[in-house]
Amino acid sequence: MKDYNTLTVPEATLLQQEMRNKVITAPFNGKIALIGGADISFNKFSTTVYAGIVLLRFPSLEPVGYSLVRKEVTFPYVPGFLAFREVPALLDAWQQLPQKPDVLVVDGHGIAHPRRMGIASHFGVQTGQVTVGSAKKKLYGIYEEPGEKQGAHTPLVDRQGVVMGTVLRSKQKVKPIFVSPGHLIDVPGSLALIEQCIRKYRLPEPTRLAHNAVNQFRLGTLPEGYSPA
DNA sequence: GCGACAG
DNA sequence: ATCTTGTCGC
């Protein structure tokens, strides 16, 4: 694969434009026995990133194991180009997994992106895996605030009204989360999947546990490599 | 020119 | 994203 650290934003834009045609947004009909959660952590002003993918049983969501890796990254954070900062490290964590999950939930957007190439779609196309994006804030699009009741949701559309994802009130009294297909799944399917991953918190368990893991890894509480839960 | 802007 | 103290509401 190409070295993202040497790319310029214009070059990254071209890569996204080439990859957008490879994203498949179709119904996912497979069975899910294992689900994964991916996230990154880092110290501000440092080029070292701590990436991790957590494996959990589905639908029980019991953690199975953690794949943690550290990597140097110099590509800057630029809204719309998050994948060029995080995907390389996540690929390392992915390859280190003893078994691959049936679906991977990535912290960030999927097709709810100006060029339909958010990090979840980018990772999905690169690996050929089913991915879903779950973000805490909007990057691109228009939406109506969903109702206050848990489970209330509204469509996230682009300027032409095309649906890119869903704004979901995952829990009562919390800000909504943004769910969108990454690859090999559609909008209704990605929403249904994330709804099944909500337990006691605002964020779905896969990404919430991944976030906890990479933070513990960065702070030295968890070791690099793969560890069973 | 101005506002928006994943992690 | 990370840092950081107190504060507010269920």
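Keep in mind that the numbers below use all heavy atoms, side chains included, and drop hydrogens, waters and symmetry copies. By convention in this document, chain letters (A, B, ...) are assigned in the order of the sequence lines, proteins followed by strands, and residues within each chain are numbered from 1.
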Would you mind reading off the distance between [X] atom [atom1] and [N] atom [atom2], rounded to a whole angstrom?
X	N	atom1	atom2	result
A/L203	B/dG7	CG	P	9 Å
A/M117	B/dA6	CE	P	18 Å
A/K136	B/dC5	NZ	C1'	15 Å
A/R115	B/dA6	CZ	C1'	13 Å
A/H113	B/dG7	NE2	C1'	12 Å
A/Q216	C/dA1	CD	P	16 Å
A/D158	B/dA6	CG	C1'	17 Å
A/H109	B/dG7	NE2	P	6 Å

Where the side chain of A/K100 meets the backbone of A/W94, is there a donor-acceptor pair that is under 3.5 Å apart?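 At least one qualifying donor-acceptor pair exists.
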A/D107 bridged to A/K136 by N-O distance under 4.0 Å: yes
Is there side-chain contact between A/F28 and A/D186, with heavy atoms separated by less than 4.5 Å? no
With a non-hydrogen cut-off below 4.0 angstrom, is A/G80 in contact with a base, only sugar-phosphate, or nothing? base
Sugar-phosphate only, base, or nothing, as touched by A/F81 at under 4.0 Å among non-hydrogen atoms: base
What's the closest nucleotide to the side chain of [X] if the choices are [options]?
X	options	result
A/H211	C/dT2, B/dA6, B/dG7	C/dT2
A/I119	B/dA6, B/dG7, C/dC3	B/dA6
A/K173	C/dT2, B/dG7, C/dC10	C/dC10
A/L82	B/dG7, C/dT2, B/dC5	B/dG7
A/E86	B/dG7, B/dA6, C/dT2	B/dG7

So, is [X] near the phosphate of [N], with a side-chain N or O under 4.0 Å from OP1 or OP2?
X	N	value
A/R159	B/dA4	no
A/K44	B/dG7	no
A/N215	C/dA1	no

Please state whether the rings of A/H122 and A/Y4 are parallel, tilted or perpendicular, taking 30° and 60° as the class boundaries.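 The arrangement is perpendicular - the two ring planes meet at more than 60°.
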Is A/Y77 stacked on the base of B/dG7, meaning ring centres closer than 5.5 Å and planes within 30 degrees of each other? yes
Show your working on side-chain hydrogen bond (donor to acceptor under 3.5 Å, both in side chains) between A/T48 and A/E72 and close with a plain yes or no. CA-CA 5 Å; A/T48 303; A/E72 290 303 304; 2.6 Å; yes
